[in-house]
Amino acid sequence: MTQTDVLVVGAGPTGLTLACDLARRGVAVRIVDRAQEFPGGSRGKGLSPRSLEVFDDLAVIGRMLASGITHLPHRKYQGAEVIAEIDPEAGLVPTPDIPYPTGLMIPQWRVEQILRERLADFGVAVELGAELRGFSQHADGVTATVGEAQIQARYLVGCDGGRSTVRRTLGLSLRGETPDIQLMAVGDVEVEGLGRDAWHQWLTRDGGIMLCPLPGTDAFQVQASHELDQDGSPLEPTLERFQQTFDRIAGVPGVRLHSLAWRSSYRVNVRMVDQLQVGRVFLAGDAAHVHPIAGGLGMNSGIQDAYNLGWKLGLVLAGKATSGLLDTYEEERLPIASWLLDITSEVLHAVLEAIKEKGGGMDAGATRELTQLMLRYPWSRLSRQTASRPTGPRPGDRAPDAPLRDPATGTPTRLFDLFRGPHFTLLGLGERCAPVVGDVGSDIVKPYLVGPGGLLDDGGHVAQAYGTDALILIRPDGHIGLVAHPTETGSVGEYLRSL
């Protein structure tokens, strides 16, 4: 029997994000997947601004940006006629507090490839053809049967998708509904007769088909109404049927689909579990919640689940926090999962209503919430404020970025540069914070004074984003844990001891 600290089941974006976060903390982690080979289909094809911030922290943002595109316009047609063209993120440019203001169009297989490369930097590889057959829990950990082998782990995390073996073994179910909405087919094809400069969309009351170019490939992702048999049963999505759907709905001569590389079908589900933890076993991503793909939050919500759980497991396994910290994963992420089902259902409804109007389409549901930059945990026991402040972010909020300069050399840096890594970050805003900042420092907290005697607030953007004259403790996942008065010398230590 082999041993590890954490066994991650499922090597999609959720499992890979978690494994990367754990591995950089020195946690012994194994990640297994039942698949015999790495998937090549596009599947999810967009990263939210908040997910890009996660990948900035994991030091893979450069590779992600180089592999994707932003500001891809939605081009809407009626037959061969272009009836509308819109960039739903037009006018959004990087700002000091939000360096990644738009989503990134990138196929899921490429996201996974980049994360596997990052994981390899830590000497960890995905174990393919390794199917979880079952597990049992005991006082000190989990004994899992993977293939013919047994693995002893202190914790197990199910990131194994909507048909999760981990969830089923725990006896949990996805509660909710399956709305009466048309079955959809999806695939990766090459296309003759269409440019790669837009997401081409034909949406009608009777069905739709969309062709989105996939960056870094010659392929398009096709999403289409599912062709049905005479008795109403769905037909297998094939290249011929995708072409048939295109000809029926779009009817544009000279556009030919070929080289179908991957295909699937999906039906809208709005479902979630009622708990994310049972003993030493956790659920994350689609294993815990499934929802309409409208808004593109599926892959992204799993990434956020993993990012929330990773630092907590890391601290507990390092003996720097009690196991009670792990309870805050469910406390924080379960309400977010509920919100996720609501917002994606609202977006889907908006899109379906917009399709009834000429020129309406996928952009109809675009809202600021879809960036995930507004996700916050004000209700969490980890969100504490001891100083009354009329302005500035609150505990639980996302911590904004801002430019800084070294006072001696003038070298520029960013808050995100200070945050990057597995530690807490303490910002002392103003000279009254100097005694506390000078006194706080450990292997889990990096303190910085901003103002006289410390880093220079370049352009006043730190003050604009955070206010002044305060102690701000940033959690390892980029959310604010504590806001305290500069003179509260023991507040930071008390917060950390409470973990």
Side-chain angles (χ1 to χ4, degrees), residues 42 44-56 61-62 64-78 80-108 110-111 191 194-204 208-217 220-223 250 292-301 343-344 346-375 398 400-403 416 461 464-465:
S42 56
K45 60 180 182 297
L47 294 173
S48 72
R50 182 58 182 154
S51 290
L52 294 177
E53 293 183 352
V54 172
F55 293 142
D56 184 315
I61 186 63
M64 293 290 181
L65 295 176
S67 300
I69 55 173
T70 60
H71 293 288
L72 184 68
H74 295 208
R75 187 172 297 158
K76 305 166 194 178
Y77 299 80
Q78 195 167 48
E81 177 191 1
V82 177
I83 57 175
E85 183 163 315
I86 185 172
D87 174 2
E89 298 175 313
L92 293 178
V93 297
T95 58
D97 59 328
I98 302 176
Y100 313 110
T102 67
L104 184 73
M105 193 73 73
I106 178 174
Q108 184 173 324
R110 180 57 179 149
V111 173
V191 181
L194 285 179
R196 299 184 61 82
D197 60 337
W199 187 355
H200 307 276
Q201 304 177 2
W202 289 261
L203 299 170
T204 72
I209 188 165
M210 301 184 291
L211 290 159
C212 181
L214 296 170
T217 75
F220 287 70
Q221 185 187 78
V222 54
Q223 292 172 281
I293 65 168
L297 293 183
M299 172 167 56
N300 293 286
S301 61
I343 189 68
T344 52
E346 291 171 11
V347 169
L348 177 62
H349 177 73
V351 169
L352 294 176
E353 288 299 307
I355 289 171
K356 298 176 184 178
E357 305 295 330
K358 185 175 181 178
M362 296 297 292
D363 54 283
T367 67
R368 192 170 168 227
E369 284 86 352
L370 299 182
T371 67
Q372 297 187 301
L373 295 173
M374 300 171 67
L375 290 183
R398 162 194 171 269
D401 196 9
F416 276 13
H461 293 293
Q464 184 176 346

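Below, each value reflects all heavy atoms present in this structure, side chains not excepted, and no hydrogens, waters or symmetry copies.
From Lys45, atom NZ reaches atom CE of Met299 across 9.5 Å, with rounding to the nearest 0.5 Å. For the atom pair CG (Leu47) and CD (Gln108), the distance works out to 9.0 Å, reported to the nearest 0.5 Å. If you take NZ on Lys76 and CH2 on Trp199, they are separated by 10.5 Å, rounding to the nearest 0.5 Å. Put simply, CD on Gln201 and OH on Tyr77 are 9.5 Å apart, with the number rounded to the nearest 0.5 Å.
Pro213 and Ala198 get closest at one heavy-atom pair: CD-O, 3.1 Å. Contact between Ile61 and Leu52 at its shortest, heavy atoms only, is CD1-O, 3.5 Å.
Taking the side chain as every heavy atom from C-beta outward, Leu65 and Tyr100 approach each other to under 4.5 Å. In this structure, the side chains of Met64 and Ile106 come closer than 4.5 Å at one or more pairs of heavy atoms. For the pair Pro215 and Ser67, the minimum side-chain heavy-atom distance is 4.5 Å or more. At least one side-chain heavy atom of His71 sits under 4.5 Å from a side-chain heavy atom of Thr102. Counting heavy atoms from C-beta on, the side chains of Cys212 and Leu72 come closer than 4.5 Å. By the 4.5 Å heavy-atom criterion applied to side chains, Glu53 and Pro99 are counted as neighbours. Within the 4.5 Å cutoff, no side-chain heavy atoms of Leu375 are placed close to those of Arg398.
Sorted by first then second residue, the salt bridge (Lys or Arg N to Asp or Glu O under 4.0 Å) pairs that include residues 84-107, not counting sequence neighbours, are Arg75-Glu85.
For Phe220, there are no ring pair (Phe, Tyr, Trp, His ring centres under 6.0 Å) partners, not counting sequence neighbours. In this view, Thr217 and Trp109, Arg196, Leu214, Ala219 satisfy the side chain to side chain contact (heavy atoms under 4.5 Å, CB included) rule, not counting sequence neighbours.
Judged by distance alone, with hydrogens and angles left aside, the side-chain atoms of His200 form a donor-acceptor pair with the main-chain N or O of Gly195 at under 3.5 Å. Side-chain atoms of Asn300 come within 3.5 Å of backbone atoms of Gly46 as a donor-acceptor pair (strictly under, hydrogens ignored).
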